[in-house]
Protein chains: 2
Amino acid sequence: MTLSRRGSYAAAAAICLARAYESGRPKKLREVSAEMAIPRTFASQILGDLVHAGIAVSAFGRDGGHRLARPPEQVSVAEVIEAAEGPLASGRCALRDGPCRWQEVCPLHETMTTATASLREVLAATSLAMLAARDAAIAGGTYPVPADSHRQAADVADSVQVELPLAAIAARLSAATAWLTAVAQACDQGEQQADGLPKTVAVHLSQAVEADGTQQAPLVWEAVGPGGVYPRFQGELQLSALDPERSELRVRGSYRPAPGTHHRPPGEAQRRRAAHAVLRDLLRRIAAGLEHEHAPAAR
Amino acid sequence: MTLSRRGSYAAAAAICLARAYESGRPKKLREVSAEMAIPRTFASQILGDLVHAGIAVSAFGRDGGHRLARPPEQVSVAEVIEAAEGPLASGRCALRDGPCRWQEVCPLHETMTTATASLREVLAATSLAMLAARDAAIAGGTYPVPADSHRQAADVADSVQVELPLAAIAARLSAATAWLTAVAQACDQGEQQADGLPKTVAVHLSQAVEADGTQQAPLVWEAVGPGGVYPRFQGELQLSALDPERSELRVRGSYRPAPGTHHRPPGEAQRRRAAHAVLRDLLRRIAAGLEHEHAPAAR
DNA sequence: CGCGCCTGGAGAGCGTCACGTTCACCCTCG
DNA sequence: CGAGGGTGAACGTGACGCTCTCCAGGCGCG
Ligand code: FES
Ligand code: FES
């Protein structure tokens with residue numbers, strides 16, 4: 001699920017309109033374009049989409065411009081994105097050609113419908129007002145994550161050895177987002193005995209680049225919960241060969257423990273120890289998973 | 001979230017391999033291509049993606065072919081789709097250019113991360129084994145939906161008048177998936193006092209086509225729950241002008257009540273009555289929503 | 001032991017279409 | 001009537017879907 005340029009511009013423009021809604025005056029096209037870094041002529045198109053969808057209204061003339069048709073609390077992100085990118089639930093079958101007909105559904109239908117519905121449920125639960133509030137919080141430096149990330153974050157590094165040739169690991173990791181997510185989620189649950197907040201774990205492992213024998217890829221591992229974004233780890237994962245049959249997996253970066261486990265902010269040393277423990281756990285799980293998975297293939 | 005051709009082929013090929021996994025023998029490229037209607041040379045690329053991702057293994061020679069690397073129970077749909085289409089969680093910022101950096105997150109980040117994570121959670125919860133089972137059930141005619149749809153479905157039609165010009169309604173409906181979903185969900189909750197099963201509601205409203213003054217669009221409204229797919233309504237929504245200021249909204253199609261509300265399958269007359277009641281509810285909610293929303297804009 | 005057949009693998013190449021962008025036109029009010 | 005401002009159509013580009021061609025690994029047969 002990656003937003004096209006059109007969709008991201010629409011979101012930006014909508015935020016811009018939401019900010020100006022209180023004033024009651026329409027926002028001019030060029031203002032939106034300038035504030036949000038959208039090409040002028042393209043911005044007109046984007047705002048046109050919003051108008052067509054009934055999200056915004058436009059006016060000609062000297063005091064013309066665009067304005068939200070409803071208060072920002074009543075406009076969901078899903079609406080905005082759909083206005084620009086077309087319906088999220090396309091109604092087209094994912095497996096065959098043509099529309100979904102329930103007389104002859106494909107095996108993917110149930111999963112796909114649930115997946116898209118669950119996607120748009122999240123998007124529909126966020127209003128433009130929340131977005132604008134977050135935007136203001138970020139600008140003012142009071143958004144939860146960046147404020148805490150300096151205070152509580154701890155730089156850590158750790159490594160683990162894997163009894164597999166480098167090529168096998170690299171191949172596995174290059175398309176292992178699904179599996180990494182599961183591993184990270186397991187770590188997450190192991191760590192937070194104290195807080196039972198429901199969280200959604202997401203892992204981004206970018207494409208690896210090779211530098212003198214060492215594969216290196218940026219890794220972001222984060223959890224999102226009701227209280228906001230809790231970034232957990234950002235850094236890089238390095239992979240190098242020890243000998244033809246063994247490799248070393250090294251992780252280095254910044255880790256921030258989950259809030260809620262300690263009532264008082266722990267001391268520096270304690271944080272480092274906690275961060276190290278979780279990171280070690282993550283690495284060991286990855287190594288175990290790799291070796292376990294390749295065992296049957298190597299028989 | 002619409003699957004590209006590459007992704008749908010990958011899913012089809014994976015199902016095909018899953019079917020053949022029990023036999024223990026590799027499936028030849030041409031067999032996969034023929035059974036799943038994938039162009040031969042392109043199928044090679046698709047299967048290559050699966051091999052690279054560690055989902056399948058390939059063998060040369062007389063008894064060569066492709067085979068799943070793991071039992072189908074351990075392969076998730078998310079893996080398959082990501083193998084073909086690249087990571088679902090791109091790690092790129094939805095609002096600006098470049099990757100997501102937590103030092104300076106955009107206001108959309110939290111929502112987007114949750115949305116993509118929630119999407120892939122659903123996709124990761126479905127295994128190839130389930131897909132293959134569903135495929136077999138569909139082929140054998142024992143898949144829940146098609147089997148029941150003939151027995152319990154009731155053809156119904158209803159209409160409602162809206163105090164708005166046709167153009168206004170058409171414009172609103174053309175990009176109203178988000179809002180329609182909410183309306184349908186409200187109907188759903190109103191109906192099922194008896195069963196508290198968690199369901200995900202999805203509404204597909206396709207593009208309207210005009211035929212002598214009447215806009216007409218296929219409409220599918222369905223709910224997905226733990227027991228499988230429960231299609232609820234499939235038919236079409238018609239929109240015609242009564243006079244310049246009033247329009248008629250007409251729905252006609254086939255409706256199937258939610259299972260669980262009645263312990264015994266109700267009689268034909270009773271089903272028709274129930275279907276009619278729900279449909280009327282849906283139409284009235286739509287009309288109310290339309291008039292309410294356009295009231296402030298028309299002041 | 002080596003040749004030939006049967007299998008998949010890799011890359012270049014090409015047509016198509018949607019997306020991003022730009023331009024010229026039209027509307028409203030002072 | 002002209003300056004400000006929004007609207008729609010036209011255009012170029014790049015990514016995707018697909019095909020073609022040549023290459024490489026395994027197995028059996030002579
Ligand atoms: S029938 Fe295939 S996705 Fe709906
Ligand atoms: S920072 Fe914008 S989506 Fe992550």
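Being a predicted model, the structure only gives us computed values, none of them experimental. Letters A, B, ... mirror the listed sequences (proteins, then strands); counts begin at 1.
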_Contact residues, residues 19-41 of chain B to DNA chain C [heavy atom, < 4.0 Å]_ = B:Lys28, B:Leu29, B:Arg30

*Whole-Å distance between D:dG5 P and A:Arg67 CZ?*
17 Å

What protein N or O atoms touch nucleotides 14-20 of chain C N or O atoms at under 3.5 angstrom, if any, and at what distances?
from, atom 1, to, atom 2, distance (Å)
C:dG20, OP1, A:Arg5, N, 2.7

*Can you name the side-chain hydrogen bond (donor to acceptor under 3.5 Å, both in side chains) partners of A:Glu121, sequence neighbours left out?*
none

*With sequence neighbours left out, write down each residue that passes side-chain hydrogen bond (donor to acceptor under 3.5 Å, both in side chains) with A:Ser247, or none if nothing qualifies.*
none

*Nearest 0.5 Å please: distance from the OG atom of B:Ser240 over to the CD atom of B:Gln216.*
10.0 Å

*Considering only heavy atoms from C-beta outward, does the side chain of B:Ile169 approach that of B:Gln215 to under 4.5 Å?*
no

Name each donor-acceptor pair under 3.5 Å that joins a side chain in residues 54-64 of chain A to protein atoms two or more places apart or in another chain, with its distance.
none

_Euclidean distance, atom NE2 of residue A:His66 to atom C1' of D:dG6 [Å, nearest integer]_ = 6 Å

_A:Glu79 side chain reached by A:Arg70 side chain, heavy atoms, under 4.5 Å_ = yes

*Using atom CD1 of B:Ile46 as one end and atom P of C:dG8 as the other, report the distance to the nearest whole Å.*
15 Å

Short N/O separations, protein against nucleotides 22-30 of chain D, under 3.5 angstrom:
from, atom 1, to, atom 2, distance (Å)
D:dG25, N2, B:Gly61, N, 3.2

*asked:* Checking side-chain polar atoms at under 3.5 Å, does B:Arg134 have a donor or acceptor matched by the opposite partner on A:Thr111?
replied: yes

*asked:* Base, sugar-phosphate or nothing for A:Ser58? Non-hydrogen atoms, less than 4.0 Å.
replied: sugar-phosphate

_side-chain hydrogen bond (donor to acceptor under 3.5 Å, both in side chains) between A:Thr214 and A:Gln238, worked out_ = CA-CA 7 Å; A:Thr214 303; A:Gln238 292 176 342; over 6 Å; no

*Report yes if some heavy atom in the side chain of A:Arg6 is under 4.5 Å from a heavy atom in the side chain of A:Ile46; otherwise report no.*
yes

